[in-house]
Each structure stands twice: as structure tokens, then as C-alpha cells.
Amino acid sequence: MVKEEQEALYAAIQGFVGNLWNGSDLYPDPCGWTPIQGVYCDLVDGFWHITVLNIGLVFDNSLQCSTDAKFTHHLFELTHLRSLSFFNCFSSPGENPIRIPSSNWETLSNTLESLEFRSNGGLIGEIPTSIGCLKRLESLVLLDNGLTGALPVQLGNLVNLRQLVLAGNKFSGHVPPSLAMLTELLIMDLSRNNLSGPLVSSFGSNFTSLLKLDLSNNELQGNIPKGIGRLKNVTLLDLGRNKFSGGLIDSFQDLVSLKEMVISNNPLGGGLMGVEWGNLQGLEILDLSNLGLTGRIPESMADMKSLRYLGLNDNNLTGNVSAKFASVPCLGAIYINGNNLTGKLEFSEGFYKKMGRRFRAWNNSELCYQPQVISSSLPSPPPSHFPDGVKAC
């Protein structure tokens, strides 16, 4: 390793861990064997260079940040970095608030593939627009920090991104349409922020490789974009706890790779009959609770043979409940409480015994169950099982 790069490494680390650190843990060769985890090298053009730098106490022998940790310009002299991460490094927004540097990222634009800031409560301010110059970046993770402001449109320049995780911050404003340029994405997680406004109707159309989309716990409103129906490979879709309206989109039935779908806690309205639920043969978790849904529960919901959890509680659903749900082989919980369902539940006592309190049907005033007839000739009748909070017919 050239001397200048080694000196830049030591100076950059000192900025984060404090001046009392003298580099002895990485002496004489940071690319040789050292007791420190978080500094890694690769051979590039015949020379050893720092390619991975992880700051923060991930392991007992990781580089632990000091209470006055700060960025220095030396970090950007490590021009062969491929991966840079900070975990629980900037922890005090009151005593030592730190912002992501707004300049010098261009020095890493030809090498950096992964940039992560995780659990840094003292990391404040906005995402700098200069992040958009990192054209080789494949993973951008800004998780559980104190970041604020709008998402910069320059994020759309990161066309090689496969993972975009911005969850657990205080981002606000609209989701920029420029994110449609990120056609290589596998994971998009914008959950637990203050994002608002409608999404463009084409949102999702370009994300043909996407496996996970999580927009939950924001203030997003308007109709669910029709483009989401083109996510043929998505396995997890979470739009819960927003302000979406306009009903379910019928193209949900085309999401044939889905394993988990959560739309709960939105003023969505509409009904369930417009979706051909039987198409979703891989779906295991479906949470449609507290959406203001009306109308009947379609029998086709019982055709989802992989279903383990069905949440339809706290809506305005009416009509009968099909006994076909008892034949769903993996079903372990069904919540239909808090609706306006009527008629007689036709499930067997064995079904109620199997489900226990994982079958919830209370707060449906016109719903009743048929008690199983037990022969009085039995010397000791078995204990009865029935749905909690539901009256006998």
C-alpha cells in the first residue's frame, strides 16, 4: 500500500474514533493480519488498496466511534473504496449532530458500490444531491437515522441500484418520479417516514425485477398506482398505514409471486369482489384490515391454498362467511371481527378447536354459530369449542 493512502486511512479513522487512536491496531500493514474488523483490502493494478471500510461497533473488535465523531476530507482520498458503512456511529443529535458530507463524493464515483448509514440518531439534515454522482452504487441503505427533508431527484441517477432502503428517518414531501429510472432494483423500502402526496399512476411499472416494496407508515395518499400491478416478481408488498383511497386495484390478481401483502390501515374503501384472489396461489399473508371495505367476502379467497393469515377485521363487510376457508390447508389465523357479517357460521367444532383465538369473529352482531349436537348417551361428553364473542344460533 502506498504511504499516502495509509496516512489518509489513519486520519479518516481518527476523525471517527478520536485522536487517542494511534493506528497501532492496523500497524504496520492495514492490509495484513490485524485484530480489527472493518478494514479490508484488495489487490488493484498490482497494489493493495483499501476497498471496504466499516465504522461502528458491529463486532467487539470493530472500530467504535467517539462521542465527537466527524467526517474529514481524508475519507475521500480512499479512492478505491467499494463499500463504506457507518453503524451507530453518530448517536447524539443534541450534542454532536452530523450531516452527510455534501461534496467530494465524485472522488468515489468510479468505485463505490455500497453506502450504508444504520442506526445513527445523530445523523441529521438532507441527503446531499451529490450522492447522485455515485454511478456504480448498487446498495444505498440509510436506515434508522435522523435524516430529514425531501428525497432528491438525483437518486434517479443511481441506475445500477439493486437495494434502496431509506426507512426509519423523517423524510417528507413526495416520492420523486425520477425513481422510475431505477430499473435494476430488487428492494425498495421507504417505510417509517413522513412522505406524502400521491404516487404517479405508473409507479412500479419499471420495477420488473423488484422483490420487496415497502411504503408503509407514511402519509401517502390518492389511488394505489396501477403500475404496482406490474410487479410480477414481488414477494412482499406493504402499503399499510398510509392514506390511500380509491379501492383495491384489480391488477393485484396479477402479482403471482406474492407471499405477503399488507394494505391495512388506509381509508381505501371499495370491495373485494374485483380481484380474482384464486390467482395468488403463493400468497401466505394477506392483511386487509381497517380499510373501510364493503360488500361480501368472496369465496375465491378460500382458493389461496398457501394462505396462513387472513386479516379482514375492522371493515364494513357484510353477508355470510364461506365454510370453504376450513379447507385451506395452511390457514392458521383468520380475523373477520369488527364487521357487519350475518348468518350462520358453518365450521365444525374441530375447526374452532384447531384455531382457538386465532379465529376472531366477534363484533358482528348478526353472526351466529351452530352448536355441534352431542349425543346425551355419552357418559362424559367432550368439551365444546366455539368462536369467542359469537352467539349460538
Side-chain angles (χ1 to χ4, degrees), residues 4-19 21 38-39 49-58 62-158 160-161 163-172 176 193:
E4 291 79 8
E5 184 173 359
Q6 185 169 339
E7 291 176 347
L9 173 66
Y10 289 177
I13 291 176
Q14 271 192 331
F16 300 121
V17 305
N19 292 329
W21 185 82
V39 179
H49 294 283
I50 302 296
T51 55
V52 176
L53 183 58
N54 300 328
I55 305 293
L57 198 59
V58 178
S62 298
L63 293 163
Q64 183 174 5
C65 289
S66 65
T67 55
D68 59 349
K70 61 182 181 296
F71 290 94
T72 68
H73 66 88
H74 304 95
L75 176 66
F76 298 98
E77 296 173 17
L78 306 176
T79 55
H80 291 82
L81 275 179
R82 293 176 184 164
S83 177
L84 177 61
S85 71
F86 301 88
F87 173 75
N88 197 23
C89 188
F90 315 108
S91 57
S92 179
E95 297 179 9
N96 185 37
I98 294 293
R99 297 174 183 268
I100 298 175
S102 60
S103 58
N104 295 322
W105 289 104
E106 66 277 1
T107 65
L108 305 178
S109 63
N110 291 320
T111 59
L112 198 64
E113 298 174 355
S114 176
L115 177 61
E116 298 192 359
F117 291 87
R118 296 175 182 262
S119 302
N120 296 282
L123 189 68
I124 65 167
E126 302 182 356
I127 301 175
T129 58
S130 54
I131 291 288
C133 76
L134 298 174
K135 58 187 178 183
R136 292 178 63 90
L137 206 63
E138 296 182 4
S139 177
L140 177 60
V141 176
L142 308 176
L143 176 64
D144 293 329
N145 302 294
L147 297 169
T148 57
L151 302 182
V153 296
Q154 289 81 1
L155 289 176
N157 297 338
L158 306 177
N160 289 308
L161 271 190
Q163 178 174 231
L164 177 63
V165 177
L166 307 179
N169 289 281
K170 302 173 185 176
F171 294 124
S172 57
N193 282 290

Quick check: do [X] and [Y] have side-chain heavy atoms less than 4.5 Å from each other?
X    : Y    : answer
V39  : I50  : yes
N88  : L57  : no
L134 : L140 : no
S92  : T67  : no
L161 : L137 : yes
L53  : L75  : yes

Considering non-hydrogen atoms only, spot the tightest contact between [X] and [Y] and give its length.
X    : Y    : value
A8   : H74  : O-CB, 3.5 Å
Q64  : V17  : O-CG1, 3.2 Å
P128 : P101 : CG-O, 3.4 Å
A69  : C65  : CB-CB, 4.1 Å
T72  : A12  : OG1-CA, 3.8 Å
C89  : I55  : SG-CG2, 3.8 Å

Which value, rounded to the nearest 0.5 Å, describes the distance between [X] atom [atom1] and [Y] atom [atom2]?
X    : Y    : atom1 : atom2 : value
H73  : S103 : NE2   : OG    : 11.5 Å
K135 : T111 : NZ    : OG1   : 10.5 Å
N110 : T79  : CG    : OG1   : 9.5 Å
N96  : K70  : CG    : NZ    : 9.0 Å
L84  : E113 : CG    : CD    : 12.5 Å
R118 : L142 : CZ    : CG    : 10.0 Å

Side chain to side chain contact (heavy atoms under 4.5 Å, CB included) for N104 and F71? Distances and angles first, verdict last. CA-CA 12 Å; N104 295 322; F71 290 94; over 6 Å; no
Taking [X] for its side chain and [Y] for its backbone only, find out whether a donor-acceptor pair lies under 3.5 Å.
X    : Y    : result
N193 : N169 : yes
N145 : N120 : yes
R136 : L112 : no
D68  : G18  : no
T107 : F76  : yes
S91  : G121 : no

Could you tell me whether the side chains of E116 and S85 share a donor-acceptor contact shorter than 3.5 Å? no
Side chains of Y10 and Q6, donor plus acceptor under 3.5 Å: yes
Taking the inter-plane angle between the rings of H80 and H49 on a 0 to 90° scale, is it parallel (under 30°), tilted (30 to 60°) or perpendicular (over 60°)? parallel
Begin with the C-alpha distance, continue with both residues' side-chain angles, and end with the deciding distance and a verdict on side chain to side chain contact (heavy atoms under 4.5 Å, CB included) for L63 and W21. CA-CA 10 Å; L63 293 163; W21 185 82; 4.3 Å; yes
Apply the test side chain to side chain contact (heavy atoms under 4.5 Å, CB included) to residues I100 and L147: give CA-CA distance (whole Å), side-chain angles for both, the deciding distance (0.1 Å), then the verdict. CA-CA 9 Å; I100 298 175; L147 297 169; 4.2 Å; yes
Test log, rule side chain to side chain contact (heavy atoms under 4.5 Å, CB included), inputs L115 and I131: CA-CA 10 Å; L115 177 61; I131 291 288; 3.8 Å; yes
